[in-house]
Structure formats: C-alpha cells, structure tokens
Amino acid sequence: MENILEIKDLVVDYGIIRALKGVSLNIPKGKIVVILGANGAGKTTTMHAISGVTRSASGHILFEGKDIRNKQPYAIAKHGISQSPEGRLILAGLTVEENLRIGGYTLKSRAQMNRNFDQVYSLFPVLKERRNQQATTLSGGEQQMLAMGRALMSDPKIILMDEPSMGLSPLLVEEVFRIIRDIKAGGTTVLLVEQNAKKALEIADRAYVLETGRITLRGNAKELMNDDSVKKAYLGE
Ligand code: ATP
C-alpha cells in the first residue's frame with residue numbers, strides 16, 4: 001500500500017531531553033492512523049516535527065517521497081499538510097468565518113476558497129450558523145470544531161489532529177469521531193493523536209503505541225484493540 005507519509009528514525013531533542021528516540025511511522029494514503037501514548041510520550045512532539053513547528057535532530061520525514069524534515073512550517077503546509085492543534089488555538093478578535101479564511105491562506109483562487117467554505121460548513125453546520133460570531137464566544141466544543149474546520153480549509157492531503165475530542169461532552173465526542181470518518185471518506189488522510197483510545201481504535205486503520213519517545217507496538221487497529229497490553233494500559237480493561 002502506498003504511504004503518503006513515512007517517518008524514519010526521527011529524533012527530537014529539547015535541550016538535553018531526548019523527546020523522540022528514533023520514531024518510525026508509516027501512514028498509508030487515505031487511511032486513519034492513530035498514535036496512542038501516555039502524557040509526555042512524545043505524541044505532540046511527533047506532530048510538531050511533521051508540521052515543522054519543532055526541529056528534529058535526525059531522521060527522515062518523507063511526504064509523497066520527498067524529505068520535508070526541518071523545512072519551514074509554511075512550506076510544509078503548502079505541500080498539503082495541515083495541523084489541527086491541541087487546545088484549539090483559535091484567533092481572538094476575529095469571527096468564525098475570518099478564522100476559517102486564515103486556514104485557507106495558501107489557496108490560489110476565490111472559487112476554491114468558496115468551495116472549501118462549502119465543504120467545511122457541510123461538515124460543521126454549527127460553524128455556518130455562527131459564522132459572523134466572534135470566535136471567542138463559541139463554546140469549547142464549537143471552538144474545537146473551528147480548529148478542525150480551519151485545518152481543513154486548505155483542502156489538505158493529510159490532516160494532523162492532536163486530541164480532537166479533548167474536553168468534549170460524550171455527545172460531541174461522538175460527533176467529532178463521525179466527522180473524522182467523513183474527512184477520511186472525502187479522501188483526506190488522517191493522523192490522529194487521542195487519549196480516547198477506544199474510540200480512536202474503532203475508527204482507525206493502523207495504530208502505533210508511543211512510550212517515552214519510542215514506538216513499542218504497531219499494527220492494524222483491530223489487532224491492537226485485542227492486544228492484552230493495550231487493553232490494560234489504554235482501554236482500562
Ligand atoms: P500529552 O499527552 O501530555 O500532550 P505528549 O505525548 O504529546 O503528551 P509531548 O508534548 O510530545 O508529549 O512531550 C514529550 C516530552 O518532551 C515530555 O517529556 C515533555 O516534557 C518534553 N517537552 C515537550 N515540549 C518541550 C519543550 N518545549 N521544552 C522541553 N521539553 C519539552
């Protein structure tokens with residue numbers, strides 16, 4: 001199967017702390033891949049190294065066969081890699097629509113911008129209803145959706161989602177996972193970091209377990225769901 005993204009032996013240091021100790025991941029095109037791991041395992045660091053926000057010390061990050069490691073974040077975004085950050089990071093002082101427009105800054109035409117607005121509004125009708133509202137007045141769940149919507153505005157080939165269900169009510173968690181499925185159905189590859197291991201494994205195709213900067217388990221998501229160590233550590237069984 002064709003991998004849209006291949007990470008090989010990735011090492012990231014924060015000063016004297018080695019946060020990633022040689023991480024390798026294969027992300028097949030059009031699939032959902034989840035990274036599970038406890039707090040501090042290096043999940044966000046992995047995402048940030050891919051999007052270029054964090055520099056890596058060594059290794060390879062191949063996107064469609066080209067090494068993008070340590071390129072500038074804007075250049076990486078231009079390749080079709082988009083990040084939906086942990087903790088929402090919506091822009092204050094701007095409306096919902098203005099926040100979304102910023103997500104589409106790499107688009108070349110107004111027509112494409114309008115098409116992407118339509119797509120995002122059909123995935124998130126609540127954002128359409130509230131498009132002229134100040135983004136800071138959205139509820140936490142709506143802000144989470146805005147962060148996802150903004151990441152989708154560039155019509156990315158792959159979206160990196162860091163804890164999209166964090167802090168949401170059970171009903172909204174269901175909604176977010178349904179939307180992630182829809183994003184995949186639309187042809188976009190998804191790399192997901194999630195604390196909600198059960199839900200994430202249910203929708204994922206592949207899964208990796210990251211422990212203190214190393215991959216300790218990898219495989220088909222259904223297989224990992226039945227793995228005893230995964231059940232014990234991440235599924236609370
Ligand atoms: P969580 O689930 O808690 O968000 P995570 O798996 O995303 O955790 P990372 O945020 O990637 O973990 O952090 C990996 C390790 O690197 C942790 O030990 C963390 O303390 C450390 N770390 C992260 N960012 C920095 C930084 N800017 N400076 C120093 N150490 C950092």
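Scope of the values below: all heavy atoms of this structure, side chains included, with no hydrogens, waters or symmetry mates. Quick caveat: nothing in here was measured; it's all calculated off a predicted structure.
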Q: Sort and list the pairs that fulfil salt bridge (charged side-chain N to carboxylate O under 4.0 Å, His left out) and have at least one residue in residues 170-187, not counting sequence neighbours.
A: E174-K199, E175-R178, R178-D182, K184-D205
Q | Gap between atom OG of S82 and atom CG of L152 - 0.5 Å precision | A | 6.5 Å
Q) What are the two closest non-hydrogen atoms of Y105 and A77, and how far apart are they? A) OH-CB, 4.2 Å
(Q) Between T95 and N132, is there a side-chain donor-acceptor contact under 3.5 Å, judged purely by atom types and distance? (A) no
Q: Can you run down the salt bridge (charged side-chain N to carboxylate O under 4.0 Å, His left out) pairs that involve residues 101-114, sequence neighbours left out, and say none if there aren't any?
A: E97-R101
Q | I183-L172 co-clustered via ILVMFWY side chain contacts under 4.5 Å | A | yes
Q: Could you grab the distance from atom CG of N70 to atom CD1 of I61, nearest 0.5 Å is fine?
A: 7.0 Å
Q.
Please find the pair of heavy atoms, one from P73 and one from G52, that lie closest to each other, and give the distance.
A. CG-O, 3.5 Å
Q: Please list, chain by chain and in numerical order, all residues satisfying side chain to side chain donor-acceptor pair (under 3.5 Å) with K198, sequence neighbours excluded.
A: E202
Atom pairs and distances, donor-acceptor, side-chain atoms in residues 1-20, under 3.5 Å, two or more places apart:
residue : atom : partner : partner atom : Å
N3      : ND2  : E6      : OE2          : 3.3
D13     : OD1  : R18     : NE           : 2.7
D13     : OD1  : R18     : NH2          : 3.4
D13     : OD2  : R18     : NH2          : 3.0
Y14     : OH   : T45     : OG1          : 2.9

Q: Could you work out the complete set of other residues in the hydrophobic cluster of V53, with links drawn between I, L, V, M, F, W and Y side chains under 4.5 Å apart?
A: none
Q | Pairs where residues 59-74 contributes a residue and the test salt bridge (charged side-chain N to carboxylate O under 4.0 Å, His left out) is met, not counting sequence neighbours | A | E64-K157
Q: Look up atom CD in Q144 and atom CD in E142, then write down how far apart they are to the nearest 0.5 Å.
A: 12.0 Å
Q | Single-linkage hydrophobic cluster L36~I50, side-chain heavy atoms < 4.5 angstrom | A | no
Q. Distance only, no hydrogens: is a donor on one side chain within 3.5 Å (strictly under) of an acceptor on the other, for S165 and E194?
A. yes
Q: To the nearest 0.5 Å, tell me how far I215 CD1 sits from S24 OG.
A: 8.0 Å
Please report, to 0.1 Å, the donor-acceptor pairs under 3.5 Å made by any side chain of residues 217-225, with sequence neighbours excluded.
residue : atom : partner : partner atom : Å
N220    : OD1  : K222    : N            : 2.9
N220    : OD1  : E223    : N            : 3.3

Q | Shortest non-hydrogen contact between L146 and A135, atoms and distance | A | CD2-CB, 3.7 Å
Q) Are V193 and M47 close enough that some pair of their side-chain heavy atoms sits under 4.5 Å apart? A) yes
Q.
Could you work out, with side chain to side chain donor-acceptor pair (under 3.5 Å) as the rule, every residue matching N26, not counting sequence neighbours?
A. none
Q: Would you please test K43 and E163 for side-chain contact (heavy atoms from CB on, under 4.5 Å) and show each step?
A: CA-CA 10 Å; K43 304 180 299 295; E163 313 256 2; 4.1 Å; yes
**Q.** N/O donor-acceptor pair under 3.5 Å between T189 side chain and I158 backbone
**A.** no
Q.
For a side chain to side chain donor-acceptor pair (under 3.5 Å) check, start with the C-alpha distance between N39 and Q195, then their side-chain angles and the critical distance, and finish with the verdict.
A. CA-CA 9 Å; N39 290 331; Q195 295 280 347; 3.1 Å; yes
Q. Which pairs count as ring-ring contact (aromatic ring centres under 6.0 Å, His included) when at least one residue sits in residues 108-147, sequence neighbours excluded?
A. F117-Y121
Q: Tell me whether I27 is reachable from I180 by hopping between hydrophobic residues (I, L, V, M, F, W, Y) whose side-chain heavy atoms are closer than 4.5 Å.
A: no
Q | Over 12 foreign heavy atoms within 6.0 Å of NZ, K128 | A | no
Q: Give a yes or no on whether the backbone of L138 and the side-chain of Q143 come within a donor-acceptor separation of less than 3.5 Å.
A: yes
Q: Establish whether L210 and V33 are linked, either directly or via other cluster members, by ILVMFWY side-chain heavy-atom contacts under 4.5 Å.
A: yes
Q | I81 side chain near I68 side chain, heavy-atom distance below 4.5 Å | A | yes
Q | Pairs satisfying salt bridge (charged side-chain N to carboxylate O under 4.0 Å, His left out), at least one member in residues 45-54, at least two apart | A | none
Q) Is there a side-chain contact (heavy atoms from CB on, under 4.5 Å) between L235 and L201 once you walk through the steps? A) CA-CA 10 Å; L235 301 174; L201 287 172; 4.3 Å; yes
**Q.** Side-chain donor or acceptor of K232 paired with backbone N/O of D227 under 3.5 Å
**A.** no
(Q) Assigning hydrophobic clusters by single linkage (Ile, Leu, Val, Met, Phe, Trp, Tyr; side-chain heavy-atom cutoff under 4.5 Å), is L168 placed with L123? (A) yes
Q.
Do L107 and N116 have side chains that approach each other closer than 4.5 Å (heavy atoms only, starting at C-beta)?
A. yes
Q) For the atom pair CD1 (I35) and CG (L25), what is the distance rounded to the nearest 0.5 Å? A) 5.0 Å
(Q) Applying ring-ring contact (aromatic ring centres under 6.0 Å, His included) as the test, list every pair that has at least one member in residues 20-69; sequence neighbours left out. (A) none
Q) Heavy-atom distance under 4.5 Å between the side chains of L94 and I102, does that happen here? A) yes
(Q) Main chain of Y74, side chain of Q72: is a donor-acceptor contact present, judged purely on distance under 3.5 Å? (A) no
Q: Can you sort out the partners of R206 under salt bridge (Lys or Arg N to Asp or Glu O under 4.0 Å), two or more places apart, ordered by chain and number?
A: none
Q. To the nearest 0.5 Å, how far apart are OG in S84 and CE in M148?
A. 6.0 Å
